[in-house]
Trainee: 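Mind looking over this structure? Questions follow.
What you are looking at is a predicted structure, and each value in this text was computed from that prediction instead of being measured.
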Amino acid sequence: MRLLFCLILLLSFKVFAANKLQVVTEEWLPYNYTNSEGQLVGRSTAKVRAVLTDAGVDYTLNSYPWLRSMHLAKTQANTMIYSIYRTPERENLFQWVCPLMAPVKEYLFTLRTRNDIQIDSLEDAKHYLISIVRGSVSEGYLTNAGFKPGENLDLTSDPSSSPRKLIAGRVDFILQTEYTASERMKELGYDYSMLRKVIEVKEIDNRRACLAFSLKTDKELVQKVQQALDKYNKKHGES
């Protein structure tokens with residue numbers, strides 16, 4: 001009898017674990033990041049937590065390098081990734097729940113002391129080296145625009161390494177939002193005024209970030225989260 005009870009508990013635990021949603025993200029200030037207390041916070045994170053709670057979804061939440069989070073979201077059942085841009089290349093890889101965020105503006109930044117850098121377009125930037133996160137939508141966009149890793153693209157798995165390389169003179173540009181650039185500089189002990197905003201990369205700015213579920217995730221759960229997100233956006237005037 002005791003053995004049967006233990007087997008029932010074990011089976012129940014396995015069913016519970018299988019139904020629990022695995023949520024993954026990356027470090028992207030101010031939207032999803034780990035604070036000094038080791039807690040995952042940020043504008044998008046707060047919204048995701050509120051939406052999943054309203055939808056009655058039990059979940060775990062972890063931050064990994066972008067490529068690892070993407071791999072988990074593409075290959076494992078009951079897995080969701082945020083904040084992720086919805087692009088034609090990614091359309092059939094996930095089940096989408098949108099919009100999580102309004103479009104955000106991203107810019108090419110260089111050091112204010114780099115008076116030798118004067119560009120008027122993204123095409124002009126091909127003569128310089130830009131540091132971006134490997135596997136990000138920025139990499140995909142710039143690669144499609146003719147940029148090449150090792151030539152004018154520096155790819156990194158650590159978002160905080162890009163501003164370090166810029167300060168050290170190892171790259172010419174970083175591609176980030178104003179807030180992200182400011183916070184990264186602050187983390188490194190430098191003032192944001194050291195940076196000069198050069199051009200806005202508008203083709204990236206027009207995209208909205210979403211939630212994306214693996215194709216192996218239950219469709220009813222995905223629909224339930226979409227309804228909760230729609231409710232949240234309507235209540236808070238977001239779209």
Side-chain angles (χ1 to χ4, degrees), residues 21-35 39-55 57 59-70 72-74 79-109 132-142 159-160 162 174-184 197 200-214 217 221-239:
L21 182 67
Q22 175 183 217
V23 181
V24 295
T25 188
E26 65 165 339
E27 298 293 310
W28 184 25
L29 287 163
Y31 307 104
N32 21 268
Y33 65 97
T34 305
N35 65 15
Q39 301 169 325
L40 262 171
V41 295
R43 298 178 188 175
S44 293
T45 301
K47 186 171 180 177
V48 167
R49 290 187 187 276
V51 167
L52 293 180
T53 297
D54 185 54
V57 177
Y59 64 93
T60 61
L61 176 55
N62 291 288
S63 175
Y64 303 112
W66 183 246
L67 283 182
R68 182 180 178 189
S69 287
M70 280 286 283
L72 292 172
K74 287 191 290 186
T79 302
M80 185 195 89
I81 185 172
Y82 78 99
S83 308
I84 178 171
Y85 286 119
R86 188 172 186 171
T87 66
E89 297 79 13
R90 293 171 174 172
E91 183 64 32
N92 297 323
L93 298 177
F94 301 102
Q95 301 180 73
W96 294 91
V97 169
C98 301
L100 175 62
M101 292 162 37
V104 294
K105 294 183 178 182
E106 295 193 28
Y107 302 87
L108 284 179
F109 289 91
I132 55 175
V133 175
R134 187 185 302 274
S136 65
V137 70
S138 299
E139 179 191 356
Y141 175 75
L142 292 179
S160 66
S162 291
I174 56 175
L175 177 56
Q176 296 183 349
T177 68
E178 289 183 280
Y179 187 93
T180 302
S182 175
E183 289 301 301
R184 290 299 181 200
K197 189 168 59 177
E200 178 185 346
V201 184
K202 294 184 179 179
E203 291 82 356
I204 294 177
D205 299 340
N206 293 333
R207 294 176 173 145
R208 294 174 182 269
C210 299
L211 312 176
F213 293 79
S214 68
T217 301
L221 184 149
V222 176
Q223 185 177 15
K224 187 185 297 184
V225 174
Q226 180 69 74
Q227 291 170 348
L229 179 61
D230 291 342
K231 178 181 173 183
Y232 183 102
N233 286 338
K234 183 177 181 180
K235 178 179 179 181
H236 294 276
E238 299 179 12
S239 60

Trainee: With side chains defined as the heavy atoms from C-beta onward, is the minimum distance between L21 and V225 less than 4.5 Å?
Mentor: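 The answer is no, as the side chains (C-beta and beyond) never meet within the 4.5 Å cut-off.
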Trainee: Side chains of L229 and Q226, heavy atoms from C-beta outward: is any pair under 4.5 Å?
Mentor: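 L229 reaches Q226 side chain to side chain.
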Trainee: Evaluate the side-chain proximity of T79 to F94: yes if any heavy-atom separation is below 4.5 Å, no if none is.
Mentor: no
Trainee: For E178 and K197, run salt bridge (Lys or Arg N to Asp or Glu O under 4.0 Å): C-alpha distance rounded to whole Å, both residues' side-chain angles, the deciding distance at 0.1 Å, then the answer.
Mentor: CA-CA 8 Å; E178 289 183 280; K197 189 168 59 177; 3.0 Å; yes
Trainee: Do N32 and T45 have a side chain donor and acceptor closer than 3.5 Å?
Mentor: no
Trainee: For residues 87-99, pull every pair meeting salt bridge (Lys or Arg N to Asp or Glu O under 4.0 Å), keeping only residues two or more places apart or in separate chains.
Mentor: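 Pairs touching residues 87-99 that pass the test: R86-E91.
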Trainee: Excluding sequence neighbours, so at least two apart, what forms ring-ring contact (aromatic ring centres under 6.0 Å, His included) with Y141?
Mentor: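 For Y141 there are no ring-ring contact (aromatic ring centres under 6.0 Å, His included) partners, ignoring immediate neighbours.
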Trainee: So do the side chains of I84 and W96 get within less than 4.5 Å of each other, counting heavy atoms only?
Mentor: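 Side-chain contact under 4.5 Å: yes.
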Trainee: Would you list the atom pairs, donor with acceptor, under 3.5 Å between side chains in residues 63-70 and any protein atom, with sequence neighbours excluded?
Mentor:
residue, atom, partner, partner atom, Å
S63, OG, E27, OE2, 2.6
W66, NE1, G135, O, 2.9
S69, OG, T25, O, 2.7

Trainee: If the test is side-chain contact (heavy atoms from CB on, under 4.5 Å), which one of V97, V48, T217 qualifies with M80?
Mentor: V48
Trainee: Quick one: are D54 and Y232 in side-chain contact, heavy atoms under 4.5 Å?
Mentor: no
Trainee: Is it true that, when you exclude N92 itself, more than 12 heavy atoms of the residues, nucleotides or ligands shown sit nearer than 6.0 Å to its CG?
Mentor: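 No, CG of N92 has 12 or fewer neighbouring heavy atoms, counting only those of other groups under 6.0 Å.
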Trainee: In Å, rounded to the nearest 0.5 Å, how long is the span from OH of Y85 to SG of C210?
Mentor: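 Between atom OH of Y85 and atom SG of C210 there are 10.0 Å.
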Trainee: As an exercise, state the distance from CH2 of W28 to CD of E183, rounded to the nearest 0.5 Å.
Mentor: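 W28 CH2 to E183 CD: 14.5 Å, rounded to 0.5 Å.
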Trainee: Counting C-beta onward and ignoring hydrogens, is there a side-chain heavy-atom pair between V23 and T60 closer than 4.5 Å?
Mentor: no
Trainee: If you apply the rule side-chain contact (heavy atoms from CB on, under 4.5 Å), what do you find for V51 with K231, and how did you get there?
Mentor: CA-CA 9 Å; V51 167; K231 178 181 173 183; over 6 Å; no
Trainee: In the structure I gave you, are the side-chain heavy atoms of S162 and I132 within less than 4.5 Å of one another anywhere?
Mentor: no
Trainee: Whether the E106 and T177 side chains hold a donor-acceptor pair (N or O, under 3.5 Å, no angle test) is what I'd like checked.
Mentor: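 Checked: E106/T177 side chains show no N/O donor-acceptor pair below 3.5 Å.
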Trainee: Checking K47 side chain against L100 main chain: does a donor-acceptor pair fall under 3.5 Å?
Mentor: yes
Trainee: Within a strict 4.5 Å, meaning less than it, do heavy atoms of the F213 and L221 side chains meet?
Mentor: yes
Trainee: Identify whether NZ of Lys or CZ of Arg in R43 sits under 6.0 Å from the centre of the six-membered ring of Y33 and within 45° of that ring's axis.
Mentor: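 The answer is no; the distance or angle limit is not met.
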